[in-house]
Amino acid sequence: MVGIPEGIIPALREHLATYVQDEPGALVFPGAKGGPLRRSGFNTRTRWVDVVKDMGMPGLHFHDLRHTGNMLAAESGAGLKDLMARMGHDNVRAAMIYQHAVRGADKAITDAINKQLERRDDDEGDEMHGVLVPVS
C-alpha cells in the first residue's frame with residue numbers, strides 16, 4: 001500500500017466512477033471486457049500515443065510516469081528503505097538511482113540546519129557555542 005497525494009484523489013474518484021465496476025476485487029484499470037488490461041493492447045485502448053501528442057509530449061512512455069513519481073518521492077527526502085517500499089523494490093540499487101538524482105537534498109538539509117542555528121542564536125543572544133566546518 002502507498003499513500004495517494006490529495007491532489008490526485010478527485011481524478012481518481014472520477015476514474016473509479018467511470019471505469020470501475022462497483023464490486024469487491026474490481027480492477028482499477030480494467031481491459032475492454034473487464035479483465036486485466038494487457039500490455040499489448042494498452043496503447044490502443046488508452047490512445048496513449050495520441051493523448052501524449054495532444055499534450056505536447058510526444059514520445060512520453062507510460063513507464064516515464066513511474067519514473068517521475070519515484071523522482072518526486074526521492075525529492076521528499078525519504079530514506080532509502082522508505083523509497084524501496086514505496087517503489088516496490090527489494091533491491092537497493094534501483095532506489096539509489098533516484099536518491100543520487102536528487103543531490104539538491106543537501107541544500108535542503110543545509111537550509112534546515114541554518115534555520116535551527118538562527119533560532120538558537122535568536123534565543124541565546126550573541127554567544128558562540130560551536131563552529132561549523134566543511135565536510136569532504
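Please read these numbers as outputs of a predicted model, since none were measured by experiment. Throughout, residue positions are numbered sequentially from 1 according to the sequence presented.
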Does L83 share a hydrophobic cluster with L72, counting links as ILVMFWY side-chain heavy atoms below 4.5 Å and allowing steps through other members?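 In one cluster: no.
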Under a 4.5 Å side-chain heavy-atom rule over Ile, Leu, Val, Met, Phe, Trp and Tyr, are L65 and V51 clustered together?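 Yes.
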Qualifying residues under side-chain contact (heavy atoms from CB on, under 4.5 Å), relative to [X], sequence neighbours excluded:
| X | result |
| --- | --- |
| D64 | L60, H61 |
| T46 | F42, W48 |
| R39 | none |
| L80 | M84, V92, A95, M96, Q99 |

In Å, rounded to the nearest 0.5 Å, how long is the span from CG of D82 to CZ of R86?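 CZ of R86 is found 10.0 Å from CG of D82.
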If the condition is side chain to side chain donor-acceptor pair (under 3.5 Å), which residues does R66 pass it with, not counting sequence neighbours?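 H89.
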Would you check if H67 and N70 make a side-chain contact, meaning some heavy-atom pair closer than 4.5 Å?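 No. Closest side-chain heavy atoms not under 4.5 Å.
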Under 3.5 Å, sequence neighbours excluded: what are the donor-acceptor pairs made by side chains of residues 2-31?
from: H15; atom 1: NE2; to: V28; atom 2: O; distance (Å): 2.7
from: T18; atom 1: OG1; to: E14; atom 2: O; distance (Å): 2.9

